[in-house]
Every structure is written in C-alpha cells, then in structure tokens.
Q: 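There's a structure below that I have some questions on.
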Amino acid sequence: MLELKIPRENANDDTVLVTSIKVQNGQLLKTDDIIFEFETSKASIEFGAPSDGYVYLTNMTEGQQIPVDTIIGELHACLLYTSPSPRDS
C-alpha cells in the first residue's frame with residue numbers, strides 16, 4: 001500500500017487547490033493514470049498514479065484547498081493473474 005500525498009510543487013505554496021478528481025474509489029489504475037488535477041500559484045498539475053493498483057481517496061473534494069503533504073488516499077497493489085500459454089503445458 002502506498003500513501004498518496006499532496007506534493008510540494010512550489011516552495012512558496014503551503015496549499016493547493018483541487019480542481020478535478022478523475023477516479024472513483026476502488027478503481028483499478030495503471031502507472032501514470034491521472035488521479036486528480038490541482039493548481040498552485042504558478043501552475044496546473046496532473047497527479048498520476050505512481051504504480052498499478054486500486055485507488056482509495058479520502059479527505060479530498062473538488063474545489064478544496066488542501067495543505068501540502070496531506071495524505072489524501074491510498075493506492076493498493078494488485079496482483080494480475082495471467083493464464084499459462086498453451087506451450088507451457
């Protein structure tokens with residue numbers, strides 16, 4: 001399990017504005033899928049999944065100002081099962 005935190009993108013900003021949430025709780029994500037978008041005083045930024053897994057967000061709504069380093073959710077690893085190829089039999 002990975003904790004998802006609001007990153008510090010600008011040394012002068014202590015909070016960010018969440019502008020868009022792109023996922024639903026329990027959704028399976030691939031690495032770099034966009035989880036949410038936020039704004040600092042200087043830029044709009046997309047926050048992507050650091051790895052494959054199921055996302056669960058808490059403490060976050062669109063339009064909310066959130067302090068930097070706040071934990072806003074978790075990404076739970078997933079194990080993908082693939083069936084053996086016919087030549088493995």
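Just so you know, these numbers come straight off a predicted model, no measurement behind them. Start at 1 with the first residue, then count along the sequence.
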Q: Could you go through the side-chain contact (heavy atoms from CB on, under 4.5 Å) check for Val16 and Ile45 one step at a time?
A: CA-CA 10 Å; Val16 301; Ile45 298 167; over 6 Å; no
Q: Which residue pairs pass the ring-ring contact (aromatic ring centres under 6.0 Å, His included) test when at least one of the two sits in residues 25-44, sequence neighbours left out?
A: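 Applying ring-ring contact (aromatic ring centres under 6.0 Å, His included) to every pair that reaches into residues 25-44, excluding sequence neighbours, yields Phe36-Phe38, Phe36-Phe47.
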Q: CD of Glu9 to CD1 of Ile6: how many Å apart, nearest 0.5 Å?
A: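 If I round to the nearest 0.5 Å, the distance is 10.0 Å.
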Q: Please table the atom pairs, donor to acceptor, closer than 3.5 Å between any side-chain atom in residues 65-75 and protein atoms at least two apart or in another chain.
A:
unit_1: Gln65; atom_1: OE1; unit_2: Thr15; atom_2: OG1; d: 3.0
unit_1: Thr70; atom_1: OG1; unit_2: Pro67; atom_2: O; d: 2.7
unit_1: Glu74; atom_1: OE1; unit_2: His76; atom_2: NE2; d: 2.8

Q: Begin with the C-alpha distance, continue with both residues' side-chain angles, and end with the deciding distance and a verdict on side-chain hydrogen bond (donor to acceptor under 3.5 Å, both in side chains) for Asn10 and Thr40.
A: CA-CA 7 Å; Asn10 179 346; Thr40 68; 4.7 Å; no
Q: Test side-chain contact (heavy atoms from CB on, under 4.5 Å) on Glu62 and Ser20 and set out the steps.
A: CA-CA 6 Å; Glu62 289 181 3; Ser20 180; 4.1 Å; yes
Q: What distance separates Ser41 OG from Leu17 CG, expressed to the nearest 0.5 Å?
A: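 That separation rounds to 11.5 Å.
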Q: So Leu29 and Val23, do their side chains get closer than 4.5 Å, heavy atoms only?
A: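 Answer yes - side chains close enough.
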Q: Once rounded to the nearest 0.5 Å, what's the spacing between atom CD1 of Ile35 and atom CD1 of Ile21?
A: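 Reported to 0.5 Å precision, the distance equals 11.0 Å.
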Q: Nearest 0.5 Å please: distance from the CD atom of Gln64 over to the OG1 atom of Thr19.
A: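 So the CD of Gln64 and the OG1 of Thr19 are separated by 12.5 Å.
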Q: Any side-chain to backbone donor/acceptor pair from Asp32 onto Gly48? Under 3.5 Å, distance only.
A: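 Not confirmed, Asp32 side chain does not pair with Gly48 backbone.
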Q: Please evaluate residues Arg8 and Asp14 with respect to the criterion side-chain contact (heavy atoms from CB on, under 4.5 Å), reporting the C-alpha separation (whole Å), side-chain torsions for both, the decisive distance (0.1 Å), and the verdict.
A: CA-CA 8 Å; Arg8 180 174 295 279; Asp14 293 326; 3.6 Å; yes
Q: Just how far is it from atom CG of Asp33 to atom NZ of Lys22, taken to the nearest 0.5 Å?
A: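 Rounded to the nearest 0.5 Å, the CG-NZ separation comes out at 12.5 Å.
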